[in-house]
Colleague: 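Questions regarding the structure given below will be posed in turn.
Along the sequence shown, residues are numbered consecutively beginning with 1.
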Amino acid sequence: MDRQGERIAVYPGTFDPLTNGHVSLIKRGRRIFDKVIVAVANDTPKSPLFSITERVAMAEEVFKGDDNITVEPFSGLLVDYVERRGACVILRGLRAVSDFEYEFQLALMNRKLKRHIQTVFLMTDYQWLYISSTIVKAAAKLGGDIKGLVPDNVYRKLREKYGYPYPLNM
């Protein structure tokens, strides 16, 4: 708990782009914690399609109206950011066994760095099990209709970024 007694969780990620799987996990996390901070990573080994400003803006639009979900960029070590924000939980999602090994290693490293910060894993809803930002981008790049896999504002931005009309002309 933070200084005011709120249970705050930080859900970090690149969110390039934010998918409906992410949205589902954030909303489910919000039912467990008083506040969820969606921490959009600036430092990433990936080459994002969208800038940090674009990724934050898209997520802010999705969660506009929920004062208990905050979206902000962060740089540097995640556990330091979590501590600065007064949180003591890192929220992570798991899709499959393949996610578990990587996420488990990260959780152990974070625990080594800051023992008082816990990692809480939520299983992805079955309907989002197969999607990832990478797969969504690959389909969108080739003109695939990814509507329903991402929030509408993200769908529009992906279509624009790859030079396809919006709405989808069929």
Colleague: Are any of the side-chain nitrogens in Lys157 or Glu54 under 4.0 Å away from the carboxylate oxygens of its partner?
Modeller: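 The answer is no: the pair does not qualify as a salt bridge.
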Colleague: Quick check against the 3.5 Å criterion: does Asp43 have a side-chain atom that pairs as donor or acceptor with the backbone of Ser75?
Modeller: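 Answer holds: no.
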Colleague: In chain order, what residues pass the salt bridge (Lys or Arg N to Asp or Glu O under 4.0 Å) check against Asp99, with sequence neighbours excluded?
Modeller: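 Counting only residues at least two positions away or on another chain, Asp99 forms a salt bridge (Lys or Arg N to Asp or Glu O under 4.0 Å) with Arg95.
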Colleague: Verify the neighbour count for atom CZ of Phe104: are there more than 12 heavy atoms of other residues, nucleotides or ligands below 6.0 Å?
Modeller: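 It does not: Phe104 CZ has 12 such atoms or fewer within range.
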Colleague: Mind checking the NZ-CD1 spacing from Lys64 to Ile69? Nearest 0.5 Å is all I need.
Modeller: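 Between Lys64 NZ and Ile69 CD1, I get 14.0 Å after rounding to 0.5 Å.
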Colleague: Under the ring-ring contact (aromatic ring centres under 6.0 Å, His included) test, which residues partner Tyr11, sequence neighbours left out?
Modeller: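 Counting only residues at least two positions away or on another chain, Tyr11 forms a ring-ring contact (aromatic ring centres under 6.0 Å, His included) with Phe15.
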Colleague: Compare every heavy atom of Arg28 with every heavy atom of Leu122, then report the nearest pair and how far apart it is.
Modeller: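 Leu122 and Arg28 have their closest heavy atoms at CB-NH2, 4.1 Å.
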Colleague: For residues Pro17 and Lys137, report the shortest heavy-atom separation together with the two atoms involved.
Modeller: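 Taking Pro17 first and Lys137 second, the nearest heavy atoms are CD-CG, 3.6 Å.
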Colleague: For the residue pair Pro12 and Phe74, what are the closest heavy atoms and their distance?
Modeller: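 That would be CB-CE2, 4.3 Å.
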Colleague: Does any non-hydrogen side-chain atom of Val71 lie less than 4.5 Å from one of Phe63?
Modeller: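 The answer is yes; the side chains approach within 4.5 Å.
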Colleague: Return yes if a side-chain donor-acceptor contact under 3.5 Å exists between Tyr155 and Asp145, otherwise no.
Modeller: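 The criterion, which ignores hydrogens and geometry beyond distance, is satisfied for Asp145 and Tyr155.
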Colleague: Taking all non-hydrogen atoms of both residues, which atom of Gly21 and which atom of Ile131 are closest, and how far apart?
Modeller: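 Gly21 and Ile131 have their closest heavy atoms at N-CD1, 4.0 Å.
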Colleague: Tell me, with the steps shown, if Ile117 and Ile90 meet side chain to side chain contact (heavy atoms under 4.5 Å, CB included).
Modeller: CA-CA 7 Å; Ile117 296 174; Ile90 298 169; 3.8 Å; yes
Colleague: For Met123, does the CE atom sit with more than 12 other heavy atoms under 6.0 Å from it, leaving out its own atoms?
Modeller: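 Atom CE in Met123 is packed in, count exceeds 12.
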Colleague: Using a strict 4.0 Å threshold on nitrogen-to-oxygen distance, state whether Lys35 and Asp67 make a salt bridge.
Modeller: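 Salt bridge flag = no for Asp67 with Lys35.
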Colleague: If two hydrophobic side chains count as joined below 4.5 Å and joins carry through other members, does Val120 share a cluster with Val36?
Modeller: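 Yes, because Val120 and Val36 connect within a single hydrophobic cluster, where side-chain heavy atoms sit under 4.5 Å apart.
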Colleague: Determine whether a donor-acceptor pair (N or O, by modelled atom type, separation under 3.5 Å) exists between the side chain of Asn153 and the backbone of Met58.
Modeller: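 Yes.
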Colleague: Just how far is it from atom NE2 of His116 to atom NZ of Lys114, taken to the nearest 0.5 Å?
Modeller: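 Separation between the atoms: 6.0 Å.
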Colleague: Would you say the side chain of Lys147 lies within less than 4.5 Å of the side chain of Asp152, judging by non-hydrogen atoms?
Modeller: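 Of all side-chain heavy-atom pairs linking Lys147 with Asp152, at least one is under 4.5 Å.
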Colleague: Can you find a heavy atom in the side chain of Asn42 that is under 4.5 Å from one in the side chain of Pro73?
Modeller: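 No, side chains not in contact.
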Colleague: Given the rule in the side chain to side chain contact (heavy atoms under 4.5 Å, CB included) test, do Lys161 and Lys141 qualify, once you have shown the distances and angles that lead to the verdict?
Modeller: CA-CA 9 Å; Lys161 188 69 90 167; Lys141 182 177 183 178; over 6 Å; no
Colleague: Are Leu158 and Leu49 close enough that some pair of their side-chain heavy atoms sits under 4.5 Å apart?
Modeller: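 A side-chain contact exists here, since the closest heavy-atom pair is under 4.5 Å.
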Colleague: Decide, yes or no, whether a salt bridge links Asp66 with Lys27 under the criterion of side-chain N to carboxylate O below 4.0 Å.
Modeller: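 Judged by the 4.0 Å cut-off on N to carboxylate O distance, Asp66 and Lys27 do not form a salt bridge.
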Colleague: Considering non-hydrogen atoms only, spot the tightest contact between Ile52 and Ala41 and give its length.
Modeller: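 The answer is CD1-O, 3.6 Å.
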Colleague: What I'd like to find out is whether the side chain of Pro151 reaches to under 4.5 Å of the side chain of Val23, using heavy atoms alone.
Modeller: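 They are in contact (side-chain heavy atoms under 4.5 Å apart), so the answer is yes.
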Colleague: Do the non-hydrogen side-chain atoms of Val38 and Ile26 ever get within less than 4.5 Å of each other?
Modeller: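 With C-beta onward as the side chain, the pair touches.
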Colleague: When rounded to the nearest 0.5 angstrom, what distance separates CG in Asn20 from CG in Leu149?
Modeller: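 It comes to 7.0 Å.
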Colleague: What about Val40 and Leu106, same hydrophobic cluster or not, with Ile/Leu/Val/Met/Phe/Trp/Tyr joined at side-chain heavy-atom distances under 4.5 Å?
Modeller: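 Val40 and Leu106: separate clusters.
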Colleague: Begin from the C-alpha positions of Phe33 and Asn68 and carry the test side chain to side chain contact (heavy atoms under 4.5 Å, CB included) through to its verdict.
Modeller: CA-CA 9 Å; Phe33 300 98; Asn68 295 310; over 6 Å; no
Colleague: If you round to the nearest 0.5 Å, how far is CG of Leu78 from CE of Met109?
Modeller: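 One gets 12.5 Å once the value is rounded to the nearest 0.5 Å.
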Colleague: Taking atom OG1 of Thr124 and atom NE2 of His22, what is their separation to the nearest 0.5 Å?
Modeller: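 That separation rounds to 8.5 Å.
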Colleague: Treating Ile, Leu, Val, Met, Phe, Trp and Tyr as nodes and any side-chain heavy-atom pair under 4.5 angstrom as an edge, say whether Leu91 and Phe121 lie in one connected cluster.
Modeller: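 In one cluster: no.
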Colleague: When hydrophobic residues are tied together by side-chain contacts of less than 4.5 Å, even through go-betweens, does Leu94 share a cluster with Leu25?
Modeller: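 The answer is no; the residues belong to distinct hydrophobic clusters.
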Colleague: Are Val89 and Val10 side-chain neighbours, meaning at least one heavy-atom pair lies under 4.5 Å?
Modeller: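 Side-chain contact under 4.5 Å: no.
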Colleague: Would you give the length of the straight line joining atom CZ of Phe50 to atom CG of Leu18, rounded to the nearest 0.5 angstrom?
Modeller: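 Atom-to-atom, Phe50:CZ and Leu18:CG are 11.0 Å apart.
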Colleague: Indicate whether the side chain of Asp16 and that of Ser133 have a donor and an acceptor atom separated by less than 3.5 Å.
Modeller: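 No, Ser133 and Asp16 have no side-chain donor paired with an acceptor closer than 3.5 Å.
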Colleague: Is it true that Tyr81 and Glu72 share a donor-acceptor pair across their side chains at a distance under 3.5 Å?
Modeller: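 Yes, side-chain donor-acceptor contact under 3.5 Å.
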Colleague: Answer whether the closest heavy-atom distance between the side chains of Arg55 and Pro48 falls below 4.5 Å.
Modeller: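 With C-beta onward as the side chain, the pair touches.
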